[in-house]
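Notes for the one structure printed next.
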Amino acid sequence: MRKRSILCIFIIVSTLFFFTSVHAEEQKYCPLCSMNLKMFWKTSHWLTFSNGTKTGYCSIHCASKVYQKRATDIDRWEVADYSTKKIINAHNAYFLIGSDLPGTMTPVSKLAFYSPGVAKTYQKEHSGSIGSFDDALKGAIEGRGEDMAMIKKKVAKMSSMGKKLTGKHGCYKCHGEGGTGGKATGWNSKEFARSMDNRVSIKEAIIGGSHNMEGYKGKLTEKELHAITIYVWTRRAK
Ligand code: HEC
């Protein structure tokens, strides 16, 4: 009897573990910029929409873009606590704004903390001002111009790095020089733009493979993958 209940508990625990781990694996990339959520976990924001789906974004920069389009559709807004990485209610968080700690997609970081005490400890060392969620959101919306100027520069850098990497990894053998088409579809073709209409799809195709193309899983670092994705994205037909 005892053995059986131990077995039962084991099965329940491993099933729960399986489901929670599968759930955490579900979303790898920010749907807007395709950055890896694990890498940018400490600045990630999580929105639950009225249809019950929950989506993670790399930063308040990307989450605030969604807010501007679908404000009334957002039922819950959560954020990672910068100090513990736990996901907490964003409305109750204390934001350290404009410190010398790096932000994501912005030159003015807006980092969330679960307690004012912890936020103050970080402020002592890294300066910046402490504000509410509304202050952080307002900052993200009003600072978009400044964010975009920085992002543009970064994208240009990543894209030229990606261009070299696509050459190095032999992509042109099939997709043509500069991805203009060969044995495989050109990245500048209308057809490609139609099937690959966002950066996450491009990333997933590179990693997972597509038709006659073998996936590059384990052959590229996350940074290389991101640079190649950005380069391919900049080549698309507009
Ligand atoms: C051995 C040939 C080959 C190589 C090397 C190759 N690809 Fe592909 N790739 C293909 C084929 C074939 C497809 C299927 C669709 C098509 O014909 O374009 C494809 C599809 C894709 C797609 C998805 C497009 C879609 O509509 O399904 C992306 C994105 C892509 N490749 C990017 C790359 C990148 C980036 C590299 C280098 C890191 C690369 N490929 C290397 C042959 C190749």
Side-chain angles (χ1 to χ4, degrees), residues 21-41 43-47 49 51 53-59 61-66 69-70 102 104-106 144 147-238:
S21 61
V22 163
H23 187 79
E25 282 297 311
E26 257 172 24
Q27 198 200 333
K28 255 186 121 166
Y29 306 111
C30 173
L32 297 198
C33 66
S34 84
M35 295 216 299
N36 187 300
L37 288 175
K38 254 191 206 150
M39 281 173 74
F40 296 94
W41 190 266
T43 59
S44 67
H45 283 244
W46 296 81
L47 307 186
F49 298 100
N51 65 3
T53 58
K54 183 169 170 175
T55 306
Y57 300 89
C58 68
S59 60
H61 171 93
C62 284
S64 66
K65 278 189 180 168
V66 177
K69 278 197 190 143
R70 311 173 56 181
T104 303
M105 308 287 279
T106 179
R144 178 139 310 135
D147 289 0
M148 290 314 292
M150 183 200 86
I151 292 167
K152 250 190 174 162
K153 274 194 210 148
K154 272 205 171 157
V155 163
K157 229 183 182 174
M158 286 296 266
S159 173
S160 77
M161 184 177 143
K163 185 177 179 179
K164 284 185 204 130
L165 286 165
T166 47
K168 186 179 141 196
H169 287 281
C171 314
Y172 299 160
K173 267 187 255 159
C174 300
H175 289 280
E177 195 60 34
T180 48
K183 273 190 278 177
T185 322
W187 302 328
N188 57 352
S189 70
K190 286 245 160 68
E191 197 188 333
F192 186 86
R194 224 176 297 123
S195 65
M196 298 280 117
D197 63 354
N198 66 80
R199 278 169 279 191
V200 173
S201 310
I202 294 176
K203 235 177 207 184
E204 283 171 348
I206 297 171
I207 285 298
S210 176
H211 309 280
N212 295 324
M213 180 179 102
E214 220 179 286
Y216 280 78
K217 190 168 185 206
K219 292 183 188 151
L220 301 169
T221 65
E222 189 59 37
K223 195 172 177 189
E224 287 177 322
L225 172 65
H226 195 61
I228 291 176
T229 301
I230 287 187
Y231 175 63
V232 172
W233 179 249
T234 58
R235 304 290 298 144
R236 77 194 184 283
K238 284 162 196 118

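Note that the structure is a prediction, hence the values are computed from the model and not measured. First listed ligand is number 1; within each ligand, the first listed atom is number 1.
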message: Any side-chain to backbone donor/acceptor pair from T229 onto V200? Under 3.5 Å, distance only.
response: no
query: Do M148 and I151 have side-chain heavy atoms sitting under 4.5 Å apart?
result: yes
task: May I ask you to check whether over 12 heavy atoms, not counting those of E191, lie within 6.0 Å of atom CD?
output: no
- prompt: Between R199 (side chain) and W233 (backbone), is there a donor-acceptor pair under 3.5 Å?
  reply: no
- request: Would you please determine whether W187 falls within less than 4.0 Å of ligand 1 on a heavy-atom basis?
  value: yes
- request: Provide the protein N, O or S atoms situated under 2.8 Å from atom 8 (Fe) of ligand 1; waters are not included.
  value: H175 NE2, M213 SD
query: Which of the atoms in ligand 1, numbered in the order shown and given with their element, are less than 4.0 Å from a heavy-atom of I228?
result: 35 (C)
- prompt: Where is the nearest protein heavy atom to atom 5 (C) of ligand 1: which residue, which atom, and how far?
  reply: G170 O, 3.4 Å
task: Classify the contact between T185 and ligand 1 as side chain, backbone, both or neither, using a heavy-atom distance cut-off of under 4.0 Å.
output: both
message: Tell me if a side-chain donor or acceptor on Y57 pairs with a main-chain N or O of V66 at a distance below 3.5 Å.
response: no
- prompt: Does NZ belonging to K164 count more than 12 external heavy atoms closer than 6.0 Å?
  reply: no
task: Please work out which of the three classes, parallel, tilted or perpendicular, describes the rings of W187 and H175, given edges at 30° and 60°.
output: tilted
- request: Starting from atom 41 (C) of ligand 1, find the nearest protein heavy-atom neighbour and note its residue, name and distance.
  value: Y216 OH, 3.4 Å
message: Suppose we measure from atom 24 (C) of ligand 1 to each protein heavy atom; which comes out shortest, and what is that distance?
response: F192 CE1, 3.5 Å
field: Side-chain donor or acceptor of S159 paired with backbone N/O of A156 under 3.5 Å
entry: no
message: Quick one: does any side-chain atom of Q27 pair with a main-chain N or O of G56 as donor and acceptor, under 3.5 Å?
response: yes
field: Per-atom contacts of ligand 1 with S195, taking only distances under 4.0 Å to non-hydrogen atoms
entry: 25 (C), 26 (O)
message: Please list the nearest protein heavy atom to atom 14 (C) of ligand 1 with its residue and the distance rounded to 0.1 Å.
response: H211 CD2, 3.5 Å
- request: Check K173 against K183 and note the closest heavy-atom contact, atom names and distance.
  value: O-CE, 3.9 Å
